[in-house]
Amino acid sequence: MDTSAPPSPHPYPLAIIGAGALGLAFAARLADSVPVAVIARDSQRAEALRQGVPVGARLRRLDVFGPNEAPAADWVIVLVKTGDTATAAATALAMRPRGVLSLQNGLVEDLLPAAGPALLAGQGVTTEGAWRDAHGVHPAGAGETLLPPGFEPVAELLVAAGFVARVAPDIAAARLAKLLVNVAINPLAALFRVPNGALLQPPHRLLLDTLVHEAWPVLHAQGLALDEAAAHARVHAVATATAGNRASMLQDVLAGRRTEIDAITGVLLKLADEAGLELPVHRAVYTLIRTLEGTAA
Ligand SMILES: NC(=O)c1ccc[n+]([C@@H]2O[C@H](COP(=O)([O-])OP(=O)(O)OC[C@H]3O[C@@H](n4cnc5c(N)ncnc54)[C@H](OP(=O)(O)O)[C@@H]3O)[C@@H](O)[C@H]2O)c1
């Protein structure tokens, strides 16, 4: 059987780096309306995926490549875990795109430090969701995707594929609001090994509210467009709406994988240091997660 990558239009209008849960969920939907190149971690993984991967109810045969065979693409979306961002960014640069968009969790700073000013690079936020297991990729309910200004062509491709997506002039505030939710819910869910909704109940609730209280001045100074009461309300609303979900950091801990704590709590602590603020509970939570990962200093 011929397992080589299919012949590609040159360049692809869109590429996704990261053939995981969210990358394949995005790629499968997009591929119905636009040619999409998917870049997997290595060529063996790419070859296996080209045989077909179940995404939702359908077996999908996508244009999957290893990083060394990555084709040119106009726009690249990065959907690797944040610990793999630097490698994925190098692959993205080699694809000579007009722009590179991260839809990862956490705050991804310096997505393309080596890129020149002609290349657009930015981070959006998405509430799309997906998970994967041995049977394939399972997209979760529909969400919304916000993109930084300049990524209008990507928003159009997403909308054409049926996504709810738009360019958000206030993307920095949206990223900070998502970071607020992530720094509060993700580490606690992972430490206590509970679904998100349990964090609203004693004894976890006290810690949840303390994390929001500590994080708020730091994020507000950065441009978070919520007062402290609204910040608490936002976190409570997300925990309620996702009450039965296992946060991604909990899934990572249970699977023995490295977590995204550095791009979440780690970035918050860095911002706090720069502002001369102490966040003792976040620092303790950060250390505990690193200890769970077996990577504590
Ligand atoms: N899943 C969700 O519902 C969701 C929702 C919102 C945001 N996010 C964010 O989206 C990002 C991806 O999450 P995910 O759940 O899709 O993670 P995932 O299932 O672990 O997928 C990441 C994929 O990237 C691959 N990869 C790693 N390094 C690579 C490289 N250098 N080049 C190409 N591929 C590489 C991994 O390969 P291996 O399989 O070999 O490790 C894996 O298949 C994370 O930042 C996450 O926080 C996820």
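The basis for the numbers below is simple: all heavy atoms, side chains too, and nothing from hydrogens, waters or symmetry mates. These numbers come from a predicted model, not from an experiment. For the single chain, residues carry numbers from 1 onward in sequence order. Each ligand, and each atom within it, is numbered from 1 in the order the structure gives.
Among protein heavy atoms, the minimum distance from atom 3 (O) of ligand 1 is reached at Ala130 N, 2.9 Å. Counting only heavy atoms of the protein, atom 17 (O) of ligand 1 lies nearest to Lys81 CE, 3.3 Å. With hydrogens left out, the protein atom closest to atom 41 (O) of ligand 1 is Arg41 NH2, 2.9 Å, a heavy atom. When hydrogens are left out, the protein atom nearest atom 21 (O) of ligand 1 is Gly20 CA, 3.1 Å; that is the closest non-hydrogen contact. Ranking protein heavy atoms by distance to atom 45 (O) of ligand 1, first place goes to Glu260 OE2, 2.7 Å. With hydrogens left out, the protein atom closest to atom 16 (O) of ligand 1 is Leu22 N, 2.8 Å, a heavy atom. Ala21 CB, 3.9 Å is the protein heavy atom nearest to atom 15 (O) of ligand 1. Protein heavy atom at the shortest distance from atom 42 (C) of ligand 1 is Arg132 NH2, 3.8 Å.
Summarising the geometry of Ala263 relative to Leu179, their closest heavy-atom pair is O-CD1, 4.0 Å, with the distance given to 0.1 Å. Between Thr82 and Glu260, the shortest heavy-atom distance links the atoms N-OE2, 2.8 Å. Here the shortest heavy-atom pairing between Ile264 and Gly106 reads CG1-CA, 3.8 Å.
Which parts of ligand 1 touch Gly129 is read off a 4.0 Å heavy-atom cut-off, strictly below it: atoms 3 (O). Per-residue contacts place Thr87 under 4.0 angstrom from the following atoms of ligand 1 (heavy atoms of the residue considered): 31 (N). Annotation for ligand 1: atoms under 4.0 Å from non-hydrogen atoms of Glu128 are 5 (C), 6 (C). Near Gln104, meaning under 4.0 Å from one of its heavy atoms, ligand 1 places the atoms 45 (O). With ligand atoms numbered from 1 in the order given, ligand 1 contributes 33 (C), 34 (N) to contacts under 4.0 Å with heavy atoms of Ile39.
The closest non-hydrogen atom to atom 22 (C) of ligand 1, taken over Ile17, Asn105, Leu79, comes from Leu79. Closest to atom 29 (C) of ligand 1 by heavy atom, among Thr259, Asn186, Val80, is Val80. For the residues Ser248, Ser102, Ala40, the heavy atom positioned nearest atom 33 (C) of ligand 1 is part of Ala40.
Arg96 places no side-chain N or O within donor-acceptor distance of the main-chain N or O of Ala72, the cut-off being under 3.5 Å. Looking at Arg132, its side chain never comes within 3.5 Å of a backbone N or O of Val137 through a donor-acceptor pair. Side chain of Glu293 to main chain of Thr259: a donor-acceptor pair is present (N/O by atom type, distance under 3.5 Å, no hydrogens or angles).
In this structure, His204 and Phe192 have tilted ring planes: the angle between them lies in the 30° to 60° band. A tilted orientation is assigned to the rings of His232 and His236, their planes being inclined by 30° to 60°.
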Derivation of the salt bridge (Lys or Arg N to Asp or Glu O under 4.0 Å) call for Lys270 and Asp262: CA-CA 10 Å; Lys270 199 167 132 228; Asp262 278 322; over 6 Å; no
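The aromatic ring centres of Trp75 and Phe151 sit less than 6.0 Å apart.
Surrounding CD of Glu228 are more than 12 heavy atoms belonging to other residues, nucleotides or ligands, all under 6.0 Å away.
Residue contact check for ligand 1: Arg257 places no non-hydrogen atom closer than 4.0 Å to it.
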